[in-house]
Structure formats: C-alpha cells, structure tokens
Participant: 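Let me give you the structure first, and then I'll get to my questions.
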Protein chains: 2
Amino acid sequence: MKTLIVHAHPEPKSLNGSLTDHAVTVLRDAGHEVRVSDLYAMGWKAAADADDYGPHASSPLKVPLDSGRAFDAGTLTPDVRAEQEKLLWADTVILQFPLWWYSMPAILKGWVDRVFTYRFAYGVGEHSDTKYGERFGEGTLAGRRALLSVTVGGPEAHYAPRGINGPIDDLLFPIQHGILHYPGLEVLPPFVVHGSDRLDPADYPAVAAAWEHRLRTLETTAPVRYRRQNFGDYEIPALQLKPGLEPAGRTGFGLHLEA
Amino acid sequence: MKTLIVHAHPEPKSLNGSLTDHAVTVLRDAGHEVRVSDLYAMGWKAAADADDYGPHASSPLKVPLDSGRAFDAGTLTPDVRAEQEKLLWADTVILQFPLWWYSMPAILKGWVDRVFTYRFAYGVGEHSDTKYGERFGEGTLAGRRALLSVTVGGPEAHYAPRGINGPIDDLLFPIQHGILHYPGLEVLPPFVVHGSDRLDPADYPAVAAAWEHRLRTLETTAPVRYRRQNFGDYEIPALQLKPGLEPAGRTGFGLHLEA
C-alpha cells in the first residue's frame with residue numbers, strides 16, 4: 001500500500017500532529033510506503049491565482065481553462081505538479097485536519113483549489129448521451145481510496161442526526177462526495193474524534209488505538225456507497241437522480257447513496 | 001445602511017468582479033456606505049498560525065485559546081483587527097465568491113478562520129442550564145445581516161433537490177448556518193448565478209438586474225428562518241432538536257429551519 005497523508009495543522013504537538021505521526025509509524029511498521037504533505041511545514045500557498053499557471057495564464061484570467069491549459073502543457077508550478085504526482089503515486093489518500101468552521105482549514109482548501117486542476121480532477125472525459133464526463137466514481141483518481149481523519153472540537157451529540165450543527169456525514173458531504181468522489185476516489189467512512197477541545201491526555205491512548213485499528217483495516221474497509229454518475233442512476237445531462245431509486249423518505253445528500 | 005463586501009476572486013475582470021463593482025455602485029447611488037475587503041488585492045494571508053496571535057501565542061499552540069487571549073488583549077495582527085472592526089461597523093455583510101469545489105475559495109475560508117476568533121465569533125457568553133453560550137442567533141454580530149452572492153459553474157439542475165451535487169441550500173448550509181448564523185448574523189436567501197462557466201456576455205444584463213433588485217431590497221428581504229439555540233427548541237447541553245418540532249418527514253439540515 002502507498003499512502004499519501006495530507007496534513008493541515010499549524011502545531012506539530014497537536015492532536016492532529018499526533019494522529020499523523022501515529023499513522024506514519026503504524027503504516028510503515030506494517031510494511032507500507034508513506035509520504036506526508038505537511039502543508040504548514042511546506043509553507044503551502046493557499047490562494048489560487050494567475051501565478052499558478054505560468055505563461056499559460058490568460059488575461060483576463062479564467063481559472064478553469066487556464067489551469068487545464070497549464071496542466072496539459074506541463075507548466076503548472078512545481079509545488080502543484082508535485083502534489084499531483086503524489087496523488088498518482090498513492091493508492092490511498094488520508095486528509096488529516098481539524099474541522100474549523102464546519103469545513104477544512106483554508107490551507108487544505110487551498111491544496112484542493114490549486115492541485116485539483118481542470119483536466120486533472122475535473123474537465124476529464126467525453127460528454128455524450130450516456131456520459132457526462134468522467135466524474136463521481138470515474139476520473140483520474142479512480143481505483144484509489146480516500147479517508148478523512150477529522151478532529152472536531154464539540155461533542156458528538158451536537159453533530160448527531162438532530163444535533164444543532166447538522167449531522168457530521170452531511171457536513172462532510174461536500175468534501176467526501178464533492179471533492180473526493182468527484183475525481184474517482186473511493187471514500188472510506190471518516191475517522192472522527194469528537195470533543196477534541198477538551199480531550200484529556202488520559203483519553204489519547206483510546207483514540208490512538210481506534211485510529212490504529214482504522215489504519216490496519218484500510219484495505220478491507222468497505223467504502224461509502226456513493227452513486228456513480230454514468231451508470232444509469234441519473235438523467236443525462238440534467239444529472240437528476242431518476243425517480244424511485246431511493247428508499248422512501250430519503251432526501252437531500254442522502255439521495256446520492258445507493259439504496 | 002453600512003455594507004461590507006468581502007470579495008474573493010483573483011481576476012477583477014471576472015463575473016465576480018463585475019458583481020462587486022455593481023454592488024458598490026448600486027448601494028452608493030442609493031445613499032448607503034460601502035466598504036470592500038478585496039482579499040486578493042489585499043494579499044490576504046489565508047493560513048491561521050501562531051503569527052496571528054503575537055506574544056500571546058502559547059507553545060504548543062492552541063488555536064482557540066490563543067486567538068481568544070490575543071483578542072482580549074488587543075494583540076491580534078492589524079489585518080485581523082481591521083476586519084473585525086469592519087464587521088462591527090457594518091449592518092450588512094455580503095460575501096462575494098465563486099463556488100470552488102462546493103465551498104468558498106481558500107482565501108475566503110482563511111478570512112473566516114483568522115477573523116472569526118474565539119471570544120469574537122465563538123466562545124462568547126455564559127453557559128448555564130438554559131443557555132449554551134451566545135451563538136446560533138445570538139452573539140457578537142447579532143442585529144446584522146449577511147448575504148452570500150455566489151457564482152456557480154454548473155447548471156441549476158445539478159444543484160436541484162435531486163441534482164447530483166446536492167441541493168444548493170444544503171451545500172451552503174455549513175457557511176450560512178455554521179459561519180454566519182453562529183455569531184448572530186441574520187442570513188438572507190443567497191443570490192446564486194448558475195452556469196457561470198458558460199455565461200454569455202449577452203446574459204449579463206439580466207444577471208446584473210437581478211442582483212440590483214436584491215441589493216435594493218436588502219432591508220426588506222426576510223431572512224432564512226434558522227432556529228435560535230437558546231430559545232426552547234433545543235435540549236441543553238445536548239443541543240439536539242426537541243422531538244416533534246419539525247414538519248413530518250423533514251430531516252438533516254432542514255431540521256434547523258423553523259417549521
């Protein structure tokens with residue numbers, strides 16, 4: 001197994017830092033290869049702009065088209081090309097981050113914004129009467145797996161089906177479905193540590209053991225069953241789920257899980 | 001009316017640039033005051049780190065506690081303090097951005113991560129048997145209004161209730177409810193331009209007219225009726241919605257709208 005861990009926390013001695021260190025140790029001990037993109041340590045540039053596209057940036061700038069042109073020409077900046085190469089090297093991608101304001105930290109969003117370029121992560125594949133590009137289950141990263149490892153400050157109850165923040169699976173849907181499933185990654189159920197703001201050091205061993213269990217079972221864990229776009233569930237090109245495919249009463253993001 | 005527009009697009013000659021320029025013109029013509037935080041033009045630092053908290057950063061860094069300590073001591077960096085002052089000056093906040101990977105661009109997420117500090121946007125108010133801090137309808141920014149103005153590359157059908165991306169209101173929930181409603185802002189229904197990747201210049205006047213209508217009716221538009229935390233709808237401290245408050249069959253994020 002070849003695992004890329006994309007790590008997004010400014011403090012190495014944080015819970016996130018400990019979880020990434022533990023993952024590296026556990027996976028290497030099990031004989032796997034691991035690479036880590038520690039975004040803060042790398043000084044990762046978060047904001048996508050014309051400088052990313054070199055001589056192929058047009059004026060006015062068109063982010064999708066210019067990023068795709070630079071991708072095709074091989075003129076994306078070296079930092080972005082290196083991350084794309086790591087994604088193609090890996091068979092498993094772990095994103096390790098704290099949930100800040102119900103989403104990923106800006107530095108990690110900037111990794112997505114800049115690395116997931118047109119022609120690499122979107123704008124891939126042909127459009128026809130039966131196919132609307134290669135995405136949501138197909139695409140450049142198909143055949144690979146992804147896993148979110150997320151620390152959440154608040155208690156689990158606040159993220160339960162009736163919790164005030166909304167269900168954690170719905171809060172993570174734009175990331176798991178919209179960012180990871182989109183270019184073809186199979187998404188494993190997330191590893192979520194709740195109550196991280198008040199985690200007692202005495203509680204850490206149990207967290208580390210749960211994390212280790214997830215890491216040791218990466219290859220056998222069943223992915224979340226997000227529907228694939230081009231295999232009959234959706235009208236094309238409207239991309240609406242065909243009537244009646246969902247269990248009674250299921251609505252919203254849940255529609256896009258297989259019954 | 002005093003409006004702060006937080007603008008997040010790298011290209012001034014983009015649709016987003018045009019919408020912000022138009023908003024400034026329309027609001028000033030109507031006699032209102034307008035300030036613009038053009039994040040790319042300002043070179044906004046996106047990644048929250050120890051440098052934000054000056055001499056009050058502890059080691060190891062604790063982002064919530066250190067940001068709150070620096071807020072209380074007045075030692076947050078000048079760029080962050082200036083944005084907090086603009087938010088307190090404004091009665092209306094507009095976030096203008098393109099939907100990138102189903103959320104805001106990294107530079108705007110970094111504005112939230114760094115400006116919405118502990119003690120300013122969260123960690124506000126007392127906890128008791130009837131109150132769990134001042135948040136979700138109360139807080140530092142209570143009495144102010146917020147509006148998302150979002151350009152979306154794909155067509156509206158893909159973001160409809162059965163659309164493959166998920167419903168646009170659900171995709172925006174972590175921002176509208178989790179970021180804006182949380183510190184007390186009243187959230188107006190979003191202004192969404194779909195199909196922006198293929199917008200014909202001939203279509204722009206209709207978009208501009210629709211935007212102008214929204215701007216001219218900012219003060220009379222009814223906000224989204226997100227439930228308030230401390231007014232009887234939620235169990236405290238579990239913060240679960242009490243049974244039976246929602247219309248039959250409503251689940252997920254929709255639970256947090258008043259019936």
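Per chain, numbering begins at 1; letters A, B, ... match sequence-line order.
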Participant: Please rank A:G166, A:P243, A:A238 by heavy-atom pairs under 4.5 Å with chain B and give me the top one.
Facilitator: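 Between A:G166, A:P243, A:A238, the count favours A:A238.
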Participant: If you define the side chain from C-beta out and look only at heavy atoms, does anything of A:L171 sit under 4.5 Å from B:F253?
Facilitator: yes
Participant: List the steps and the verdict of side chain to side chain contact (heavy atoms under 4.5 Å, CB included) for A:D170 and B:D170.
Facilitator: CA-CA 8 Å; A:D170 285 351; B:D170 286 350; over 6 Å; no
Participant: With sequence neighbours left out, what residues match B:E156 under salt bridge (charged side-chain N to carboxylate O under 4.0 Å, His left out)?
Facilitator: none
Participant: Would you say the side-chain atoms of B:E11 pair up with the backbone N or O of A:K62, donor to acceptor, closer than 3.5 Å?
Facilitator: no
Participant: Give, as side chain, backbone, both or neither, the part of B:H158 having an atom under 4.5 angstrom from any heavy atom of chain A.
Facilitator: both
Participant: Please confirm whether the backbone N or O of B:M104 pairs with a side-chain atom of A:K109, one donor and one acceptor, at under 3.5 Å?
Facilitator: yes
Participant: Nearest 0.5 Å please: distance from the CD1 atom of A:I164 over to the CZ atom of B:R228.
Facilitator: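 The CZ atom of B:R228 is 11.5 Å from CD1 of A:I164, to the nearest 0.5 Å.
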Participant: Shorter than 4.5 Å, heavy atoms on both sides: which option in B:Y226, B:W44, B:Y182, B:F173 has the most such pairs with chain A?
Facilitator: B:Y182
Participant: So what's closer than 4.5 Å to chain B heavy atoms on A:A48: side chain, backbone, both or neither?
Facilitator: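 Contact with chain B is through both the backbone and side chain of A:A48.
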Participant: What part of B:D169 is in contact with chain A, defined as an atom under 4.5 angstrom from a non-hydrogen atom: side chain, backbone, both or neither?
Facilitator: neither
Participant: Heavy-atom distance under 4.5 Å to chain B: side chain of A:L255, backbone, both or neither?
Facilitator: side chain
Participant: Should we say atom CZ of B:R250 is surrounded by more than 12 heavy atoms from elsewhere, each under 6.0 Å from it?
Facilitator: yes
Participant: For the candidates A:P105, A:P161, A:G249, A:P98, which exhibits the highest count of non-hydrogen atom pairs separated by less than 4.5 Å from chain B?
Facilitator: A:P105
Participant: Shortest non-hydrogen contact from B:A46 to A:A46?
Facilitator: CB-CB, 3.7 Å
Participant: Report yes if the side chains of A:S14 and B:L61 come closer than 4.5 Å at any heavy-atom pair, otherwise no.
Facilitator: no
Participant: If I measure from the heavy atoms of chain A, does B:K242 come under 4.5 Å with its side chain, its backbone, both, or neither?
Facilitator: backbone
Participant: If we only count heavy atoms from C-beta on, is the A:P174 to B:W101 side-chain gap below 4.5 Å?
Facilitator: no
Participant: Using a 4.5 angstrom heavy-atom cutoff, name the option from A:A47, A:G154, A:S59, A:G110 with the most pairs to chain B.
Facilitator: A:A47
Participant: Taking side chain as everything from C-beta outward and backbone as N, CA, C, O, which of these in A:F116 sits under 4.5 Å from a heavy atom of chain B? Side chain, backbone, both or neither.
Facilitator: both
Participant: Sort out for me which of A:P10, A:G17, A:G153, A:A157 touches chain B most, counting heavy-atom pairs under 4.5 Å.
Facilitator: A:A157
Participant: In terms of side-chain geometry, is the basic nitrogen of A:E246 or B:R162 positioned less than 4.0 Å from the acidic oxygen of its partner?
Facilitator: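 Salt bridge present between A:E246 and B:R162.
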Participant: Partners of A:Y102 by ring-ring contact (aromatic ring centres under 6.0 Å, His included), sequence neighbours excluded?
Facilitator: none
Participant: Check whether B:Y40 gets within reach of chain A through its side chain, its backbone, both or neither, counting any heavy atom under 4.5 Å.
Facilitator: side chain
Participant: Do the side chain of A:H256 and the main chain of B:G163 share a donor and acceptor less than 3.5 angstrom apart?
Facilitator: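 Yes, because the side chain of A:H256 sits within donor-acceptor range (under 3.5 Å) of the backbone of B:G163.
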Participant: Within residues 123-136 of chain B, which residues come under 4.5 Å of chain A, heavy atom to heavy atom?
Facilitator: B:Y132, B:R135, B:F136
Participant: A:A50 versus chain B, heavy atoms under 4.5 Å apart: side chain, backbone, both or neither?
Facilitator: neither
Participant: Please classify the contact between A:P237 and chain B as side chain, backbone, both or neither, with a heavy-atom cut-off of under 4.5 Å.
Facilitator: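 Answer is backbone: N, CA, C or O of A:P237 sit under 4.5 Å from chain B.
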Participant: Check B:A160 against A:Q240 and note the closest heavy-atom contact, atom names and distance.
Facilitator: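 Nearest heavy atoms, B:A160 then A:Q240: CB-NE2, 3.5 Å.
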Participant: Could you tell me which portion of B:P64 (side chain, backbone, both or neither) has an atom closer than 4.5 angstrom to a non-hydrogen atom of chain A?
Facilitator: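 Contact with chain A: side chain only.
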Participant: Report, as yes or no, whether the 6.0 Å neighbourhood of atom OH on A:Y118 holds more than 12 heavy atoms from other residues, nucleotides or ligands.
Facilitator: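 It does not: A:Y118 OH has 12 such atoms or fewer within range.
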Participant: What part of B:T251 is in contact with chain A, defined as an atom under 4.5 angstrom from a non-hydrogen atom: side chain, backbone, both or neither?
Facilitator: side chain
Participant: Sort A:D197 into side chain, backbone, both or neither according to what part of it lies under 4.5 angstrom from a heavy atom of chain B.
Facilitator: side chain
Participant: With sequence neighbours excluded, tell me which residues meet ring-ring contact (aromatic ring centres under 6.0 Å, His included) with B:Y53.
Facilitator: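 With sequence neighbours excluded, B:Y53 shows a ring-ring contact (aromatic ring centres under 6.0 Å, His included) to no residue whatsoever.
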Participant: Looking at B:D49, B:N165, B:D113, B:I175, which one has more heavy-atom pairs under 4.5 Å with chain A than the rest?
Facilitator: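 Answer, by heavy-atom pair count under 4.5 Å with chain A: B:D113.
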